[in-house]
Amino acid sequence: MALFFDDARTAKKQTQDLEKLIQVQLKENPRTPLILVTHQVNIESYIGKNVSTGDIILVKVDKHGKYISQQIYPSPAF
């Protein structure tokens with residue numbers, strides 16, 4: 001997924017594309033955890049909440065890749 005920080009007009013489509021990707025992965029590998037790494041703005045768009053750079057976000061989704069809930073693990077202070 002590309003960073004849409006400089007062009008927020010693409011946020012909705014990229015978030016929908018992410019949901020489709022998750023849906024396909026869940027269908028093909030229903031018992032395998034899915035780990036994705038992305039930019040802060042992308043995850044904020046997906047979960048609809050502010051997160052800090054470097055945070056780990058464990059997201060619960062439905063079978064269609066739609067966000068249900070999250071647990072945020074803050075980035076350790078450097």
Side-chain angles (χ1 to χ4, degrees):
M1 177 182 297
L3 176 67
F4 55 78
F5 184 79
D6 292 327
D7 188 0
R9 295 173 298 175
T10 64
K12 184 175 181 178
K13 179 170 181 340
Q14 285 192 28
T15 300
Q16 290 170 340
D17 290 347
L18 174 60
E19 290 171 346
K20 289 176 190 171
L21 171 83
I22 294 169
Q23 181 181 20
V24 167
Q25 291 301 311
L26 291 174
K27 186 176 181 181
E28 292 178 0
N29 305 291
R31 303 188 66 71
T32 303
L34 179 61
I35 299 171
L36 303 174
V37 178
T38 190
H39 296 277
Q40 177 184 3
V41 293
N42 298 88
I43 193 65
E44 285 181 354
S45 177
Y46 181 64
I47 68 171
K49 296 186 176 11
N50 291 329
V51 296
S52 297
T53 299
D55 286 354
I56 295 173
I57 297 85
L58 179 62
V59 179
K60 183 176 181 178
V61 299
D62 67 15
K63 66 181 181 178
H64 304 290
K66 302 276 187 191
Y67 164 82
I68 296 174
S69 64
Q70 93 290 325
Q71 176 66 42
I72 297 175
Y73 298 91
S75 176
F78 292 99

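Just so it is clear, the structure is predicted and the values come from calculations on it, not from any experiment.
- With sequence neighbours left out, Gln70 forms a side-chain hydrogen bond (donor to acceptor under 3.5 Å, both in side chains) with Tyr67.
- Residues in residues 22-48 take part in no salt bridge (charged side-chain N to carboxylate O under 4.0 Å, His left out) pair, two or more places apart or across chains.
- Rounded to the nearest 0.5 angstrom, Thr15 OG1 and Asn42 CG are separated by 7.0 Å.
- Going from atom OG of Ser45 over to atom NE2 of His39 covers 13.5 Å, rounded to the nearest 0.5 Å.
- Every pair passing salt bridge (charged side-chain N to carboxylate O under 4.0 Å, His left out) that includes a residue from residues 61-73 is listed here, sequence neighbours excluded: Glu19-Lys66.
- Connectivity analysis of hydrophobic side chains (ILVMFWY, heavy atoms under 4.5 Å, direct or indirect) links Ile68 to nothing; its cluster partners are none.
- Every residue two or more places apart in sequence or in another chain that forms a side chain to side chain contact (heavy atoms under 4.5 Å, CB included) with Leu34 is listed here: Ile22, Gln25, Leu36.
- The side chain to side chain contact (heavy atoms under 4.5 Å, CB included) check on Lys20 picks up Asp17, with sequence neighbours excluded.
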Could you go through residues 50-61 and list every donor-acceptor pair under 3.5 Å that involves a side-chain atom there, pairing it with any protein atom two or more places apart or in another chain?
| residue | atom | partner | partner atom | Å |
| --- | --- | --- | --- | --- |
| Thr53 | OG1 | Gln40 | OE1 | 2.8 |
| Asp55 | OD1 | Ser75 | N | 2.8 |
| Asp55 | OD2 | Ser52 | N | 2.9 |

